[in-house]
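Encoded as structure tokens, the structure appears first; notes follow it.
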Amino acid sequence: MQSKARGRKRSAGLLAYRRRAGLVEVFLVHPGGPFWRGEDEGAWSIPEGEGSDDEAGMDAAAREFREKTGFDVGAGPFIPLGTVRQPGGKLVEAWAVEFDLDERELVSNSFMIEWPPGSGMQRRFPEVDRGAWFSLKDANAKLLKGQLRLLDHFGKAVPA
């Protein structure tokens, strides 16, 4: 996977889905850290992140899913959803995978930042502070604007 293409960041991710009571639900994650605290609609994402230059996109997507959720999705099958460009220019390549998980068991990796800004104190925050299952309608309200087209691609690729 090329992590940068012509100066643009590239990332890869997985949109896990399940079928419950005849409905399709998708799994989204909420970013951790102080900047997203209190944000809800338009703040959620598919589990995704940057890969290394020598890492295949699908491998990066599975690794990022595992790092952000603590779950290994196994061997798939994986359904390509294409690549979308977020407003900041980052390109996100995604795949869908049918995979059920208990969101209460989510365990995310973490990152360090100076917090509060200018304090000189480093604090650790989880990359993802929670995950949840959403109907496609609710996911349209929760998902980051730059990833909404992935739901359109998903709707065309996965029968309801």
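Sequential numbering from 1 along the given sequence is applied to the chain's residues. Predicted model, so just to flag it, every value in this text is computed and none were measured.
Hydrophobic clustering, with ILVMFWY side chains joined whenever heavy atoms are under 4.5 angstrom apart, keeps Tyr17 apart from Leu101. Linking ILVMFWY residues whenever their side-chain heavy atoms come closer than 4.5 Å, directly or via other members, places Val84 and Val158 in the same cluster. A continuous path of hydrophobic side-chain contacts links Trp36 to Ile113 [ILVMFWY only; heavy atoms under 4.5 Å].
The CD atom of Glu41 sits 12.5 Å away from atom CG of Leu144, with the distance rounded to the nearest 0.5 Å. One distance of note links CD of Glu64 with OG of Ser11; it measures 7.5 Å at 0.5 Å rounding. Rounding to the nearest 0.5 Å gives a distance of 6.5 Å between CG of Leu15 and CG of Leu151. For the atom pair Leu14 CG and Glu93 CD, the distance stands at 10.5 Å (nearest 0.5 Å). Here the CZ-CZ distance, from Phe65 to Phe99, works out to 6.0 Å after rounding to the nearest 0.5 Å. To the nearest 0.5 Å, atoms CG (Leu143) and CG (Leu28) are separated by 5.5 Å.
Glu67 pairs by the salt bridge (Lys or Arg N to Asp or Glu O under 4.0 Å) definition with Arg63, not counting sequence neighbours. Take Leu106 and apply the side chain to side chain contact (heavy atoms under 4.5 Å, CB included) test, not counting sequence neighbours, and it matches Phe27, Val29, Thr69, Ser108, Val128.
Of all heavy-atom pairs spanning Gly76 and Val97, the tightest one is CA-CG2, 4.1 Å. Residues Ala157 and Ile79 come closest through the heavy atom pair CB-CG2, 3.7 Å. For the residue pair Asp102 and Phe71, the shortest heavy atom distance occurs at O-CZ, 3.5 Å. The minimum heavy-atom distance linking Leu150 with Ala94 is given by the pair CD2-CB, 3.8 Å. Closest heavy-atom contact between Arg10 and Glu50: O-CG, 3.3 Å. Closest approach of Ser45 to Gln147, counting heavy atoms only: OG-NE2, 3.1 Å.
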* To do: Verify ring pair (Phe, Tyr, Trp, His ring centres under 6.0 Å) between Trp44 and Phe134, making sure each step is shown before the conclusion.
  => CA-CA 11 Å; Trp44 295 68; Phe134 295 100; 5.1 Å; yes
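Within the structure, side-chain hydrogen bond (donor to acceptor under 3.5 Å, both in side chains) pairs that include any residue of residues 150-160 do not occur (at least two apart or interchain). For the side-chain hydrogen bond (donor to acceptor under 3.5 Å, both in side chains) condition, no pair includes a residue of residues 112-121, sequence neighbours left out. Evaluation of the salt bridge (Lys or Arg N to Asp or Glu O under 4.0 Å) test over residues 11-35, restricted to residues two or more places apart or in two chains, returns Arg18-Glu25, Arg18-Asp100, Arg19-Glu98, Arg20-Asp100. Note on residues 123-142: pairs passing salt bridge (Lys or Arg N to Asp or Glu O under 4.0 Å), not counting sequence neighbours, are Asp40-Lys142, Lys68-Glu127.
Using a 4.5 Å heavy-atom cutoff, the side chains of Val26 and Ser135 are not in contact. Contact of the Lys90 side chain with the Glu48 side chain is registered, since non-hydrogen atoms from C-beta on lie closer than 4.5 Å. In this structure, the side chains of Val92 and Thr83 stay at 4.5 Å or more apart for every pair of heavy atoms. Contact check for Asn140 versus Leu148: side-chain heavy atoms found under the 4.5 Å cut-off. Within the 4.5 Å cutoff, no side-chain heavy atoms of Ser110 are placed close to those of Phe125.
Side-chain atoms of Trp95 do not come within 3.5 Å of backbone N or O of Ala62 as any donor-acceptor pair.
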